[in-house]
Student: 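Supplied in structure tokens, the structure appears directly below.
Here the structure is a predicted model, which is why all the values come from computation and not from measurement. Per chain, numbering begins at 1; letters A, B, ... match sequence-line order. Side-chain atoms are counted along with the backbone in the values below, which use heavy atoms only and exclude waters and symmetry mates.
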Number of protein chains: 2
Amino acid sequence: MTHAACDHDHHHDHALDSNGIEARLAEAQALCLAAGERMTAPRLRTLELVLAHNGPIKAYDLIDRFHPEGAAKPPTVYRSLSFLEQMGLIHRIESLNAFVACHDHTESHSAAFLLCECCGKSEEVALNLSGITQKALESDFKVERVTIEAKGRCKACR
Amino acid sequence: MTHAACDHDHHHDHALDSNGIEARLAEAQALCLAAGERMTAPRLRTLELVLAHNGPIKAYDLIDRFHPEGAAKPPTVYRSLSFLEQMGLIHRIESLNAFVACHDHTESHSAAFLLCECCGKSEEVALNLSGITQKALESDFKVERVTIEAKGRCKACR
DNA sequence: TTGAATTATGTTATTACATAACGGGAGTAG
DNA sequence: CTACTCCCGTTATGTAATAACATAATTCAA
Ligand SMILES: [Zn+2]
Ligand SMILES: [Zn+2]
Ligand SMILES: [Zn+2]
Ligand SMILES: [Zn+2]
């Protein structure tokens, strides 16, 4: 956590331990198998790094951490990120240029995020989109995807 | 309109004419005066370019168009954009890395946008934020700003 | 009216974010 | 085996945004 617009500590953590990560990776592999998609080594590695990070992580941080000895090439990571996003395993946070693991294991969620500007953590919340879909209806606009991102301060950082 | 994921024309236009732009610029100047802020030449020029463009426009397009004879320096435009955004005269569209003039002349609006992926236009809609604020409340999260952007197809591009 | 403080701009350089293009390798269906 | 598709590694480039510092304009109080 290298954020800090504040002085307090940011150890109010909910990071996955390595067992938790392994479990999530196994789930992801199963999901890909079921979908007829290939969970390749770079994709798996990218997902592992996203899961290991406690909050939204930047593409170039993934690039830096990709290999134990040195950085990956950008396309390697960006391609993996695109794939993982299509598979619903991660989300892109538009207002941060960052990526976060999907923590909504239920079906058909419309990802919305509470983004703490103090500690950098994100919370994914399930939201019904009635407001925006109603407006879209009124405008005869066909919605494909909705981005909802709220910035502020989390409970621990209040 | 250089968008086009489609073949139809995109002349379903609502661009401001030069009188309309002049009027909006005058409003903006009055607003700054009232707020004790300075509407300087680069800020006015930046706003003029945003208003003249029918839809979200990229920062570097503004940079290219800034001077009749040649491009501006990036900080000139980015600083102006920051100012205009703070004044509520424009909005940044996070999912496009672009900027659009604020078309909501009423008070206290929570900007949400319908973004056509076909013709590139945007519609600003007023939205009540009950859904996300309710979720934030449940998480004891203090919301500062909310980004809501829906992508899809507008009526004319269906 | 002068001069210090503040605010805004000009300028150079750099950092951060993302994709195009191409050649090659691994899986797969016939 | 062969053709096909998908994915990967690599080089290079394109695009978006800011750091840092010097200069200029404005404000305001002495
Ligand atoms: Zn926090
Ligand atoms: Zn904090
Ligand atoms: Zn359209
Ligand atoms: Zn169209």
Student: Could you state the atom-to-atom distance from CG of A:L62 to P of C:dC17 in whole Å?
Tutor: 11 Å
Student: Return the value, rounded to whole Å, for the distance between atom CG of A:L84 and atom C1' of D:dC7.
Tutor: 14 Å
Student: Specify the residue among B:R43 and B:N97 whose closest nucleotide of DNA chain C lies further upstream toward the 5′ end.
Tutor: B:R43
Student: Is the shortest side-chain N to carboxylate O distance from B:K142 to B:E144 below 4.0 Å?
Tutor: yes
Student: Applying salt bridge (charged side-chain N to carboxylate O under 4.0 Å, His left out), run through B:E149 and B:K151 and close with a yes or a no.
Tutor: CA-CA 7 Å; B:E149 299 170 9; B:K151 294 209 186 165; over 6 Å; no
Student: Taking the six-membered ring for Trp, are the ring centroids of A:H91 and A:F113 within less than 6.0 Å of each other?
Tutor: yes
Student: Would you kindly give the CG-to-P distance between A:L81 and D:dC8, to the nearest whole Å?
Tutor: 12 Å
Student: Out of D:dC8, C:dT19, D:dA17, which has the shortest distance to the side chain of B:P74?
Tutor: D:dA17
Student: Picking from C:dA18, D:dC6, C:dT19, which would you name as closest to the side chain of A:R38?
Tutor: D:dC6
Student: Nearest of D:dC8, C:dA18, D:dC7 to any side-chain atom of A:P42?
Tutor: D:dC8
Student: So does A:T76 get a backbone contact from the side chain of A:S80, meaning a donor-acceptor N/O pair under 3.5 Å?
Tutor: yes
Student: To the side chain of A:R79, which of C:dA8, C:dC17, D:dG9 is closest?
Tutor: D:dG9
Student: Once you round it to whole Å, what is the distance between P of C:dT7 and CE of B:M39?
Tutor: 18 Å
Student: Both A:H67 and B:R92 contact DNA chain D. Which one's nearest nucleotide lies toward the 5' end?
Tutor: A:H67
Student: OP1, OP2 of D:dT10 versus side-chain N and O of A:T76: anything below 4.0 Å?
Tutor: no
Student: If I take atom NZ in residue A:K58 and atom C1' in nucleotide C:dT15, what distance separates them, rounded to the nearest angstrom?
Tutor: 12 Å
Student: How many whole angstroms separate atom CD1 of A:I57 from atom C1' of C:dC17?
Tutor: 15 Å
Student: Tell me which nucleotide among D:dC7, C:dA20, C:dT11 gets nearest to the side chain of A:P75.
Tutor: C:dA20
Student: Can you work out whether A:S82 or B:S80 has the more 5'-proximal nearest nucleotide on DNA chain C?
Tutor: B:S80
Student: Tell me whether the ring of A:Y60 lies stacked over the C:dC17 base, given a 5.5 Å limit on centroids and a 30° limit on the plane angle.
Tutor: yes
Student: Using whole Å, what does the distance between atom C1' of nucleotide C:dG10 and atom CD1 of B:I63 come to?
Tutor: 14 Å
Student: Could you state the CG-C1' distance from B:D64 to D:dA17, rounded to the nearest angstrom?
Tutor: 15 Å
Student: Where the side chain of B:K73 is concerned, which of C:dT12, D:dC7, D:dA17 is the nearest nucleotide?
Tutor: C:dT12
Student: The test is side-chain contact (heavy atoms from CB on, under 4.5 Å); show your working for B:F141 and B:K135 and say whether it passes.
Tutor: CA-CA 8 Å; B:F141 184 99; B:K135 290 288 179 183; over 6 Å; no
